[in-house]
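Here is the structure we will look at.
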Amino acid sequence: MPSPHSPVRVLLLALAAGLAAPQAFAQTWPSKPVTLVVGTPAGGAVDVYGRALADQLAKQTGGTFVVENKGGANGNLSAEQVRNAAADGHTLWISTQAMFTINPSVYPALRWKQSDFKPIAKGVENPLVLVTHPSVPARTLPDLVKWVAANPGQVTYASFSPGTPSHFLGFQLNERFKLDMVHVPYKGSAPQITDLLGGQVRLGFAQLQAALPHVQSGKLHAIAVTSRERTRFLPQVPSLAELGYPDLGATVWFGLMAPSATPKAVVDQIQAATVKAQADADYKARLEAQGFDVPRENGEAFAATIASETARWAQVVKATGFKAND
């Protein structure tokens, strides 16, 4: 039996402490308030998801979760803030599909990179919906293409932000059907929808959540959705894939990211809590009531989706020649 002060006993105690440390660290998360940094202003769709997730994680863990809105530069400022924060699991990023998979291709001097983050979970997902103002004399995609073709350079399409699928799907529509629509970019879904409702722009790919009530009221007409299959929120509206154009498909997602230097034990705790949240019936119902689908995609599967989408959008961006200002 080694004496209390023998080198062997000291070494054994040190090894035991080292083995126990990661487990203890993991068990303490969260040990202080957790900030979920949202890269858009308060009140938008990303904010709705962030606050729902914060409430659910607080309920599950007993910890304090707060949402901080950090808009600007299409989410890049929020990415920089989280990348520069302590990698201890207490500052996390609510990113969007456009921020994470498109920004690296459109910002020449981006001050963060995908490898700065560890994908935790895809939180919510939805297709975009191609909508028109009621004055547009077309109710199907073939009729819309004929109408736009008959008015070259005179038809405008709205995106909710440049450098997003809402922008690039319009470009692809032009390319696919040899059209000449003029892109009108907006700073968010709210102003995009406002001008679509007013007829200042005639059509556009819109967020499902933003367009849904106006489609249901007849103030906008839905031509197609961009998912592979029809969405249950608009079951009467065909998907572009079923119309024969799967290459024009896209979904928009919001997801949770941690700084890549976060210890694995802590990442595992965050991911487990997030997966549990997404399986909670009340939480899912809260988000579905807002027009979101709640997928069960996390960890490596989520990372694979990101890699595939990044490659796809890089090709589209290159074809457009689009570059965003920093």
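When reading the values below, keep in mind they use all heavy atoms of this one structure, side chains included, and skip hydrogens, waters and symmetry mates.
Although no hydrogens or angles enter the test, the distance criterion places no donor-acceptor pair under 3.5 Å between the side chain of Ser166 and the main chain of Ala206. Panel note: side chain Asp47, backbone Ala42; no donor-acceptor pair is recorded below 3.5 Å. Looking at Ser189, its side chain never comes within 3.5 Å of a backbone N or O of Phe160 through a donor-acceptor pair. Remark: side-chain polar atoms of Asn76 are not paired, donor with acceptor, to backbone N or O of Leu110 under 3.5 angstrom. Counting only distance, with no hydrogens or angles, the side chain of Thr226 and the backbone of Leu128 share a donor-acceptor pair below 3.5 Å. With hydrogens and angles disregarded, no donor-acceptor distance shorter than 3.5 Å links the side chain of Gln290 to the backbone of Gln209. The closest donor-acceptor contact from the side chain of Trp29 to the backbone of Gly89 lies under 3.5 Å. Proximity of a side-chain donor or acceptor of Thr194 to a complementary backbone N or O of Ala190 within less than 3.5 Å is detected. Between the side chain of Gln60 and the backbone N or O of Ala277 there is at least one donor-acceptor pair closer than 3.5 Å. Judged purely by atom type and a 3.5 angstrom limit, Ser260 uses its side chain to pair as donor or acceptor with the backbone of Ser115.
For Phe177 and Tyr245, the ring centers sit closer than 6.0 Å to each other.
Across all their heavy atoms, Ala138 and Ile223 have their closest contact at O-CD1, 4.0 Å. Closest heavy-atom contact between Ala158 and Val201: CB-CG2, 3.6 Å. Closest non-hydrogen pair, Phe302 versus Glu297, comes out as CA-OE2, 3.5 Å. Between Val131 and Ala222 the shortest heavy-atom distance is CG1-CA, 4.3 Å. For the residue pair Ser161 and Asn74, the shortest heavy atom distance occurs at OG-OD1, 4.0 Å. The shortest heavy-atom contact between Leu77 and Gly71 is CD1-O, 3.7 Å.
By the neighbour-count criterion of 12 heavy atoms within 6.0 Å, atom CZ of Arg139 is densely surrounded, having more than that number from other residues, nucleotides or ligands. Around NZ of Lys323, the count of heavy atoms belonging to other residues, nucleotides or ligands within 6.0 Å exceeds 12. At most 12 heavy atoms of other shown residues, nucleotides or ligands fall within 6.0 angstrom of atom CD in Glu229.
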Could you check Lys118 against Glu300 for salt bridge (charged side-chain N to carboxylate O under 4.0 Å, His left out), going step by step and ending with a plain yes or no?
-> CA-CA 10 Å; Lys118 177 74 174 178; Glu300 294 305 315; 3.7 Å; yes
Passes side-chain contact (heavy atoms from CB on, under 4.5 Å), Tyr186 versus Leu196? Steps please.
-> CA-CA 11 Å; Tyr186 287 82; Leu196 280 166; over 6 Å; no
CA sep, side-chain torsions, deciding dist, call: Leu141, Leu130, side-chain contact (heavy atoms from CB on, under 4.5 Å) | CA-CA 9 Å; Leu141 183 63; Leu130 175 58; 4.2 Å; yes
Dump the intermediate steps for salt bridge (charged side-chain N to carboxylate O under 4.0 Å, His left out) on Lys264 and Asp268, then the final yes or no.
-> CA-CA 6 Å; Lys264 183 180 184 302; Asp268 290 346; 2.8 Å; yes
Test Ile120 against Val267 for side-chain contact (heavy atoms from CB on, under 4.5 Å), laying out the working first.
-> CA-CA 8 Å; Ile120 301 295; Val267 169; 3.7 Å; yes
Evaluate the side-chain contact (heavy atoms from CB on, under 4.5 Å) criterion for residues Leu256 and Ile270: first the C-alpha distance (whole Å), next the side-chain angles of each, then the deciding distance (0.1 Å), finally the verdict.
-> CA-CA 10 Å; Leu256 187 64; Ile270 298 168; 4.0 Å; yes
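Counting heavy atoms from C-beta on, the side chains of Asp247 and Arg176 come closer than 4.5 Å. When side chains are defined from C-beta on, Gln114 counts as touching Thr310, because their heavy atoms get closer than 4.5 Å. Looking only at side-chain heavy atoms (C-beta outward), Leu36 and Tyr49 stay at 4.5 Å or farther from each other. Considering only heavy atoms from C-beta on, Leu234 comes within 4.5 Å of Leu208 through its side chain. Pro41 is not listed as a side-chain neighbour of Asn69, based on a closest heavy-atom distance of 4.5 Å or more. At least one side-chain heavy atom of Thr61 sits under 4.5 Å from a side-chain heavy atom of Pro30. Put simply, the side chain of Arg230 does not reach to within 4.5 Å of the side chain of Pro235, judged on heavy atoms. A 4.5 Å side-chain heavy-atom check between Leu197 and Leu220 finds at least one atom pair inside the cut-off.
Here the OG1 atom belonging to Thr274 is positioned 8.0 Å from the CG atom belonging to Leu92, to the nearest 0.5 angstrom. With values rounded to the nearest 0.5 angstrom, Leu240 atom CG is found 6.0 Å from Phe205 atom CZ. Once rounded to the nearest 0.5 Å, the distance linking CH2 of Trp253 with CZ of Phe100 reads 6.5 Å.
Val129 and Phe254 are members of different hydrophobic clusters when ILVMFWY side chains are connected at heavy-atom separations under 4.5 Å. Phe292 and Val225 fall into different hydrophobic clusters, where Ile, Leu, Val, Met, Phe, Trp and Tyr are joined by side-chain heavy atoms under 4.5 Å apart, directly or via other members. Connection of Val46 to Leu287 is established within a shared hydrophobic cluster, with ILVMFWY side chains joined at heavy-atom distances below 4.5 Å, either directly or through further cluster members. Phe322 and Val184 fall into different hydrophobic clusters, where Ile, Leu, Val, Met, Phe, Trp and Tyr are joined by side-chain heavy atoms under 4.5 Å apart, directly or via other members. In terms of hydrophobic clustering, with Ile, Leu, Val, Met, Phe, Trp and Tyr side chains grouped at heavy-atom distances under 4.5 Å, Met99 and Val37 are assigned to a common cluster.
With no hydrogens or angles considered, no side-chain donor-acceptor pair links Thr35 and Glu68 at under 3.5 Å. For the 3.5 Å distance criterion, the side chains of Ser135 and Arg202 qualify, holding a donor opposite an acceptor.
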